[in-house]
2 protein chains.
Amino acid sequence: MTAIDCKTNVPITLDGAEALAGVQRGGDFVKKDSSRSSRPNMKELAEALNLDRSTVSRALSEDKSHLVGLETRLRVREAAMKLGYRTDLTAAALRKGRTDTVGIIVSDLENEIFITVLRQIMAELHGTGLPNITPLIGETRDDLSATRDLLHRFLSRRVDAIISLAASDDQADILRSAAEQVPIVLAIRSIRGIDLPSALCDDQAGGAMVAAHFAARGHKYVCQVQGPVAAATFRNRALGFSHVCKQSGLVEVPSSLIVRNATTQEGRDSFASILNASPRPTAIFAHNDSIAIGLVEDLRSGGFRCPEDFAIVGFNNTQISRVLAIPLSTVDYPTVEVGRHAARLVSNLIENRDYAWKTSVFSPSLLVRASS
Amino acid sequence: MTAIDCKTNVPITLDGAEALAGVQRGGDFVKKDSSRSSRPNMKELAEALNLDRSTVSRALSEDKSHLVGLETRLRVREAAMKLGYRTDLTAAALRKGRTDTVGIIVSDLENEIFITVLRQIMAELHGTGLPNITPLIGETRDDLSATRDLLHRFLSRRVDAIISLAASDDQADILRSAAEQVPIVLAIRSIRGIDLPSALCDDQAGGAMVAAHFAARGHKYVCQVQGPVAAATFRNRALGFSHVCKQSGLVEVPSSLIVRNATTQEGRDSFASILNASPRPTAIFAHNDSIAIGLVEDLRSGGFRCPEDFAIVGFNNTQISRVLAIPLSTVDYPTVEVGRHAARLVSNLIENRDYAWKTSVFSPSLLVRASS
DNA sequence: CTGTTAGCGCCTTCAC
DNA sequence: GTGAAGGCGCTAACAG
């Protein structure tokens with residue numbers, strides 16, 4: 001560890017007059033004379049133009065520049081450009097009571113679905129609605145206290161809204177209290193015990209599609225490798241799948257197989273239990289593609305064939321699922337719709353806190369490829 | 001577009017005295033009486049305690065609370081807790097000339113290496129150095145104008161520093177000018193034409209290791225599937241590899257094979273060219289794991305064996321490389337070191353702009369697994 | 001140890 | 001169409 005204490009290390013000596021004239025910034029005295037080399041603030045820009053700050057402010061603003069004479073407006077904008085003026089958004093935020101930021105909470109930055117939806121949200125925010133909003137992104141890894149910290153930070157930074165792609169049941173309390181202070185929108189995951197505007201996928205329908213597909217293919221014994229139940233996502237996939245199994249006379253063996261993390265590694269590890277089941281299932285529904293890939297890899301290593309010995313279907317339609325030697329059957333997640341809806345909800349809620357928000361649930365669709 | 005103008009829509013009528021007492025917020029007049037239900041600001045907290053705002057500020061601060069009597073300090077903190085006081089960091093930032101934010105520029109949020117380094121940076125910032133810094137994350141997808149916009153946004157938000165994991169040669173100008181206003185640190189990718197403190201991997205050494213490995217295994221004809229050359233990363237891997245090939249008498253065929261994007265799909269697509277080469281190479285160095293996986297998948301589909309027909313080595317040691325049916329040989333990227341160094345650089349530069357920054361280059365290491 | 005005072009840079013009412 | 005003035009919430013000199 002290099003111990004560095006530079007607070008007292010800056011050997012700048014100023015005599016009285018200069019010290020007073022200096023502008024304090026970040027704890028150091030920075031001489032800021034009128035022949036400044038650094039960029040001007042609005043006041044300085046106004047002085048350079050012999051105009052009032054308010055006129056400059058209006059001229060530069062997006063929605064109020066019409067209040068300024070055309071000539072003045074152009075003169076201001078040109079000077080701003082030339083002198084390298086750059087709005088201080090922290091100051092603007094303080095004054096406006098609006099930061100033009102939204103906090104986005106993600107549970108896992110390595111998960112392609114979250115990233116895809118995240119991108120969609122950002123694109124949509126830029127396009128429709130708010131033009132130059134900055135997202136503050138935080139990752140929780142499904143840790144409650146990390147979530148609490150993140151919410152606190154976002155709230156302290158006065159974000160205009162929060163989107164959580166990482167909700168889970170244990171967060172109901174903290175989300176509820178946060179929602180009293182700022183609009184909160186849920187995406188991908190909904191939770192029990194709190195009703196917030198949400199953008200969701202119909203996971204139950206997704207699970208049901210897979211079961212129906214297995215039934216149509218003539219499978220009799222099937223199983224599902226379920227993700228953690230804290231998230232509604234996986235609960236619903238399981239529900240939909242099991243429901244149709246019962247309807248169609250499919251038997252689930254083993255009846256319950258839940259991995260702690262929905263990862264490829266755990267997918268691999270879970271294959272042993274399936275092999276040991278009796279009767280042995282011939283079709284496996286993995287709750288996401290990562291798990292599915294783990295299963296495929298492990299059964300390949302064991303000398304089994306896919307789909308002949310085991311049919312496998314994943315969930316999410318990730319990039320890799322398409323390029324595997326045995327392209328993976330999977331459920332396509334409505335990322336575009338979910339992201340777009342989430343973004344629109346926050347746009348509207350920011351513009352109008354009383355916006356009659358509504359939750360939307362979008363349908364996934366089954367993609368049958370080589371693995372089933 | 002729903003046009004919403006709530007600025008004039010709130011039919012609250014206040015007589016003179018009350019109007020003055022009212023606090024303006026976001027353009028709306030919000031009656032804020034002393035029996036408030038919303039959270040207090042510092043002034044209100046101070047009034048409730050019969051103290052001055054400055055005393056409250058000190059009592060609540062991390063590094064100046066020792067200036068306040070123990071009893072007062074506790075009283076203040078307790079009251080803050082009870083009344084739900086929450087610092088307004090936008091206001092604090094304006095006053096302090098420091099936002100406690102750093103902008104982080106990433107080219108591709110789906111790339112595991114970037115995410116891993118990003119996490120490391122965040123962890124390190126939280127641990128060492130700055131306690132509660134908020135990262136502003138932006139993705140460029142290697143688009144120059146996206147990068148420009150991002151820099152502009154970060155600068156307007158007055159970030160205390162910027163870390164770019166997405167540098168490329170064409171950004172030299174804009175990075176240089178941005179670096180005059182705020183400390184900038186490069187990670188993963190360095191560029192020509194500008195000298196900034198950086199945290200890098202010795203990609204050249206990585207490429208060299210792979211060539212040496214191929215030579216040791218007795219291969220004669222080899223090839224590399226190179227990533228895009230705009231990033232120094234891939235250029236250096238190619239350089240190191242080719243250099244050792246020449247030294248060791250290995251022949252590269254085809255002599256040059258460059259994909260436009262370093263993705264699994266392009267890896268698959270490139271396998272055809274390798275098959276058609278003559279003499280046909282027996283060992284392939286893929287510039288990252290994504291490409292390598294594409295190659296493996298395609299050769300498997302074609303009935304070839306790995307490593308018997310083709311030895312393959314990737315780069316990055318991604319999660320998936322470990323769990324494939326044929327575990328992938330790969331070069332382990334020093335993500336921890338790179339992330340940590342980048343974080344420390346910015347910490348130091350934020351504390352002291354004149355910090356004698358230095359670039360560090362960390363060594364990768366070859367992991368030989370089943371594919372080579 | 002605590003209070004007084006003065007802004008940080010911007011936006012917005014109000015007056016002309 | 002432009003200027004004058006005040007204040008968003010906080011922190012940091014400077015006194016006492």
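Just so we're clear, the structure is a prediction, and the values are computed from it rather than from any experiment. All values below were derived from every heavy atom in this structure, side-chain atoms included, with hydrogens, water molecules and symmetry-related copies excluded. Throughout, protein chains are lettered first and strands after them, A, B, ... in sequence-line order, and every chain is numbered starting at 1.
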In whole Å, I'd like the distance from the [atom1] atom of [X] to the [atom2] atom of [N].
X	N	atom1	atom2	value
B:Leu67	D:dA13	CG	C1'	13 Å
B:Lys43	D:dG6	NZ	C1'	13 Å
B:Leu60	D:dC10	CG	C1'	11 Å
B:Asp88	D:dT11	CG	P	9 Å
B:Arg98	D:dC10	CZ	P	19 Å
B:Asp100	D:dT11	CG	C1'	13 Å
B:Glu47	C:dG3	CD	C1'	14 Å

Check your understanding: Is a donor-acceptor pair below 3.5 Å formed from side chain B:Ser61 to base D:dT11, judging by atom type as modelled?
Key ->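 Flag unset: no donor-acceptor pair detected.
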Review point. What about A:Arg58, does its side chain sit under 3.5 Å from the base of D:dG3 through a donor-acceptor pair?
Key: yes
Just compare [options] and give me whichever is closest to any side-chain atom of [X].
X	options	value
B:Arg53	D:dC10, C:dG9, C:dG3	D:dC10
B:Asn41	D:dC10, C:dG9, C:dC11	D:dC10
B:Arg95	D:dA4, C:dC8, C:dC10	C:dC8
A:Asp52	D:dA4, C:dG3, C:dC11	D:dA4
A:Tyr85	D:dT11, C:dT4, C:dC10	C:dC10
A:Ser57	C:dC11, D:dC10, D:dA4	C:dC11

Salt-bridge test for [X] and [Y]: reply yes if a basic N is under 4.0 Å from a carboxylate O, no otherwise.
X	Y	result
A:Glu139	A:Arg141	yes
A:Glu62	A:Arg73	no
A:Arg86	A:Asp88	no

Point to revise | B:Ala91 vs B:Leu70, nearer the 5' end of DNA chain C by closest nucleotide | key: B:Leu70
Practice item. Could you pick out which residue, B:Leu94 or B:His66, lies toward the 5' side of DNA chain C when each is mapped onto its nearest nucleotide? Key: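 Nearest-nucleotide comparison on DNA chain C picks B:His66.
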Report yes if at least one side-chain N or O of [X] is closer than 4.0 Å to OP1 or OP2 of [N]; otherwise report no.
X	N	value
A:Lys64	C:dT12	yes
A:Thr55	D:dT2	no
B:Thr72	C:dT2	yes

Exercise for review: Taking all non-hydrogen atoms of both residues into account, name the closest pair between A:Leu45 and A:Pro40 and its distance.
Suggested key: N-CB, 4.3 Å
Review point. Contact class for B:Met42 vs. all strands (heavy atom < 4.0 Å): base, sugar-phosphate, or nothing?
Key: base
Check your understanding: Considering only heavy atoms from C-beta outward, does the side chain of B:Arg148 approach that of B:His152 to under 4.5 Å?
Key ->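 Contact flag for B:Arg148/B:His152 side chains = no.
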Exercise for review: For B:Asp173, enumerate each residue passing the salt bridge (Lys or Arg N to Asp or Glu O under 4.0 Å) test, keeping only those at least two apart in sequence or located in another chain.
Suggested key: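 With sequence neighbours excluded, B:Asp173 shows a salt bridge (Lys or Arg N to Asp or Glu O under 4.0 Å) to B:Arg176, given in chain and number order.
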Practice item. Applying salt bridge (Lys or Arg N to Asp or Glu O under 4.0 Å), name anything that partners A:Arg58, two or more places apart in sequence or on another chain. Key: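 A:Arg58: no salt bridge (Lys or Arg N to Asp or Glu O under 4.0 Å) contacts found.
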Review point. Pairing of DNA chain D as dot-bracket, 5' to 3': ( ) intra-strand, [ ] crossing, | other strand, . unpaired, with Watson-Crick or G-U pairs under 3.5 Å?
Key: ||||||||||||||||
Review point. Can you tell me how far OG1 of B:Thr134 sits from CG of B:Leu136, rounded to the nearest 0.5 angstrom?
Key: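 If I round to the nearest 0.5 Å, the distance is 7.5 Å.
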